[in-house]
Enquirer: 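One structure coming up, written as structure tokens, with questions to follow.
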Number of protein chains: 2
Amino acid sequence: MAASTLTEVARLAGVSPATASRVLNGSARKPGKDIAERVRQAADSLGYIPNAQAQGLAKSSSGLIGLIVHDIADPYFAAIARGVQEAAREQRRMVLLATTGGAPGEEKEAVAAFAARRADSIVIAGSRSSRAEDREDNAELAAELDRYCRNGGQVAVVGHPVVGAAAPEGYHVVAVPNQELAADLAVELAARWDGDFVIIAGPEGLFTSDDRVRGFQEGLTRAGRGPAEVLRSSFNRDGGYQAGLQLAARITAGGPDGGGLGIFAVNDVMAIGAAAALRAEGLRIPRDARIAGFDDIETLRDFRPALSTVSLPLEDIGRLATRATAPRHADDDGQPAPPVTGRVTLRRSTEAAAG
Amino acid sequence: MAASTLTEVARLAGVSPATASRVLNGSARKPGKDIAERVRQAADSLGYIPNAQAQGLAKSSSGLIGLIVHDIADPYFAAIARGVQEAAREQRRMVLLATTGGAPGEEKEAVAAFAARRADSIVIAGSRSSRAEDREDNAELAAELDRYCRNGGQVAVVGHPVVGAAAPEGYHVVAVPNQELAADLAVELAARWDGDFVIIAGPEGLFTSDDRVRGFQEGLTRAGRGPAEVLRSSFNRDGGYQAGLQLAARITAGGPDGGGLGIFAVNDVMAIGAAAALRAEGLRIPRDARIAGFDDIETLRDFRPALSTVSLPLEDIGRLATRATAPRHADDDGQPAPPVTGRVTLRRSTEAAAG
DNA sequence: GCTGGCTGGGAAAGCGCATTCCCACTGCTT
DNA sequence: AAGCAGTGGGAATGCGCTTTCCCAGCCAGC
């Protein structure tokens with residue numbers, strides 16, 4: 001990766017490297033018009049591209065922003081990533097991507113790698129976990145983040161703070177009202193369906209999932225209903241499918257849920273999986289089961305029957321998180337970022353039917 | 001972003017920076033056991049994290065791989081990105097993300113930015129364009145890539161080579177048999193439907209789109225059918241929707257296509273959009289129109305009626321492209337990457353019906 | 001016992017750039 | 001006309017690391 005250097009440009013232009021640096025890469029001091037022109041021409045003819053690594057080393061800042069997601073192909077993360085990417089562009093920075101599958105151990109590695117690259121800030125999307133087996137890794141992740149922040153790094157976490165992380169300077173949390181919104185959803189659904197509800201959740205300990213479950217139960221209570229049964233499964237389409245198969249068997253068997261079922265899957269992808277399972281078993285939605293998800297994933301909006309869900313401004317969330325880590329500047333009124341708001345979106349999949 | 005440095009570690013361990021470097025960051029020379037241990041302890045107690053920028057500067061290589069996509073939230077690109085990410089992890093490198101919306105001008109910027117960061121390699125996903133208005137930008141992109149390669153960079157392009165790019169050392173193309181597969185699809189569809197076909201394509205000049213259109217027509221010819229009409233629209237869900245509305249009107253009106261229509265959208269996302277439009281107009285698939293897409297996007301597989309399409313190993317494509325840019329090493333038999341293969345996948349959306 | 005080849009550690013020279021400090025020169029003021 | 005601040009350019013230093021080169025000490029071999 002050799003390329004022409006500032007020194008070469010300077011030599012060609014007949015000036016010192018210092019001067020060349022001043023004209024080519026923004027500096028407070030502006031050299032004379034004619035000299036500037038000469039330098040620029042020299043740079044042009046050599047195809048000079050500043051070495052960002054060297055610049056970063058000299059200025060000790062890299063213009064990099066690290067993004068940590070579970071899986072970039074998951075539409076939830078992809079949407080957030082789009083927001084991050086956009087905000088990064090606004091700030092003329094580049095995004096460095098790390099995927100971890102959600103394991104805190106991997107996340108720690110990613111943070112370390114970002115720190116090594118001297119990323120100016122880190123955005124962590126994806127649910128934190130409080131599972132016992134993740135205890136140690138979580139502690140290490142927290143320590144790593146703490147060190148990163150102490151060294152001047154900026155961190156933004158989407159959803160929940162990292163377990164055990166102190167809140168040092170530079171540590172921001174973009175709160176997502178998962179619980180409140182899930183409660184709202186439950187209330188709306190309860191108003192339209194008076195049969196039983198079942199929740200298809202992710203593994204216990206996943207904050208996002210837990211919050212939504214808790215919120216939904218709370219909403220049921222508020223609506224004067226008993227708590228719903230919780231089915232745990234993996235936090236993806238296949239998890240939803242598995243749970244869906246179980247429920248289908250139950251519905252088909254008649255039994256206590258013979259009259260149908262209200263299903264709440266803690267995210268859209270799981271909801272789609274569950275719906276696919278029901279359909280595969282010959283059941284129809286919303287006739288045999290009403291189903292709702294969470295997130296309002298764009299790619300899934302054309303799904304039929306249209307999925308009731310909670311709309312979350314995922315792109316904005318990514319953008320907000322990224323902006324939270326941006327260096328504050330003068331015209332910045334220093335106001336905290338606007339809170340994330342979502343909205344219950346009822347569609348066909350939970351429509352009243354032959355209840 | 002200050003952190004402890006190698007020098008500090010060395011001082012603490014009572015050795016020279018050279019020695020510390022040798023033990024901490026892989027070198028051919030392995031210092032003595034006891035010394036190594038001492039250095040490692042010192043590093044540990046200081047929480048030393050090597051400065052990748054400085055390393056990169058010294059070694060002139062960054063361990064970075066640049067990925068250029070149109071839109072990271074598009075499931076097509078997200079899937080490729082996942083493959084790239086995985087391969088990058090294998091090679092212990094990190095991926096830098098740039099999104100361009102498909103504009104060659106932006107792509108040129110991205111390449112320059114990657115070059116500035118001294119990315120070891122660049123993967124360009126997303127269709128190249130040959131539109132007249134992109135002529136100039138394409139030339140600049142080609143020039144930028146050429147320079148990048150001459151400086152030792154590795155480039156892999158998915159699909160088509162960049163227009164006008166020479167094929168210097170380090171320039172790889174992961175060919176995707178769009179045309180052949182589209183032809184195969186046409187043949188299969190023609191065997192099952194003897195009415196008219198219409199193609200919903202992206203804007204003229206987009207290679208991916210053009211190839212698929214050409215292939216489909218070729219397949220029709222091979223099946224003894226006349227060419228299909230081509231409807232151009234934007235290369236995304238909304239483009240498909242718009243085109244779908246037009247076709248719906250036509251089908252509803254009866255007219256020449258009164259008996260239904262065979263629709264081929266050049267990608268799944270457009271196909272889904274078109275299907276949504278047809279449904280919105282009260283038409284049913286496959287009864288009133290058979291519809292097929294291309295790509296076999298994972299998130300869309302639960303869509304109903306299940307979409308006939310061409311399955312492409314998107315993740316593999318990303319992986320292959322990334323591997324193509326990896327430095328060759330000894331145990332590498334130097335064989336070119338295996339070609340990308342796809343497969344026609346017929347599902348409900350084109351099933352024989354009241355044709 | 002002396003030399004030649006190794007081994008393992010340190011000194012030092014960059015990698016490409018930003019930036020501080022310094023200096024020559026200009027154009028004022030008094 | 002002498003002194004001054006102010007301007008604009010260059011020399012030099014350092015960012016944190018790798019790597020070459022050098023040198024001291026060691027062993028084997030004659």
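Proteins get letters first, then strands, A, B, ... in listed order; numbering begins at 1 in each.
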Enquirer: Using rotation axes that map the C1' atoms of four end pairs onto the next four (five pairs an end), what angle separates the end axes of the helix from C/dG1-D/dC30 to C/dT30-D/dA1, to 10°?
Expert: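 Rounded value for the end-axis angle: 60°.
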Enquirer: Within less than 4.0 Å of OP1 or OP2 of D/dC15, is there a side-chain N or O belonging to A/S60?
Expert: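 So the side-chain polar atoms of A/S60 never come under 4.0 Å of the phosphate oxygens OP1 or OP2 of D/dC15.
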Enquirer: Taking donor-acceptor contacts at under 3.5 Å, does the side chain of B/R22 reach the base of C/dG8?
Expert: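 Under the 3.5 Å cut-off, the side chain and the base do not form any donor-acceptor pair.
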Enquirer: Counting side-chain heavy atoms from C-beta on, which of C/dC17, C/dT19, D/dC15 comes nearest to A/L57?
Expert: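 Nearest to the side-chain atoms of A/L57, counting from C-beta on, is D/dC15.
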Enquirer: C/dG9, D/dG9, C/dC17: which one has an atom nearest the side-chain heavy atoms of A/L6?
Expert: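 My answer, after comparing the listed nucleotides, is C/dC17.
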Enquirer: Look at the side chain of B/T19 and the backbone N and O of B/V15, then say whether any donor-acceptor pair between them is shorter than 3.5 Å.
Expert: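 No.
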Enquirer: Would A/D134 and A/S129 count as having a side-chain donor-acceptor pair, cut-off 3.5 Å?
Expert: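 Result is yes, a qualifying pair exists.
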Enquirer: If you check every side-chain atom of B/N51, which of C/dG10, C/dC17, D/dG16 has the closest atom?
Expert: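 From the listed options, D/dG16 comes nearest.
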Enquirer: Nearest 0.5 Å, what's the OH-CD1 distance between B/Y148 and B/I122?
Expert: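 If I round to the nearest 0.5 Å, the distance is 4.0 Å.
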Enquirer: Do B/S121 and B/R93 meet the criterion of a side-chain donor-acceptor pair at a distance under 3.5 Å?
Expert: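 There is such a pair between these side chains.
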Enquirer: Taking the side chain of A/Y48 as its heavy atoms from C-beta onward, which of D/dG16, C/dC17, C/dG9 lies nearest to it?
Expert: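 Nearest nucleotide to the side chain: C/dC17.
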Enquirer: So which nucleotide from D/dG10, D/dC17, C/dG9 ends up closest to the side chain of A/S16?
Expert: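 So the nucleotide nearest the side chain must be D/dG10.
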Enquirer: If only side-chain N and O atoms of B/S21 are considered, is one of them under 4.0 Å from the OP1 or OP2 phosphate oxygen of D/dT18?
Expert: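 So the side-chain polar atoms of B/S21 do come within 4.0 Å of the phosphate oxygens OP1 or OP2 of D/dT18, strictly under.
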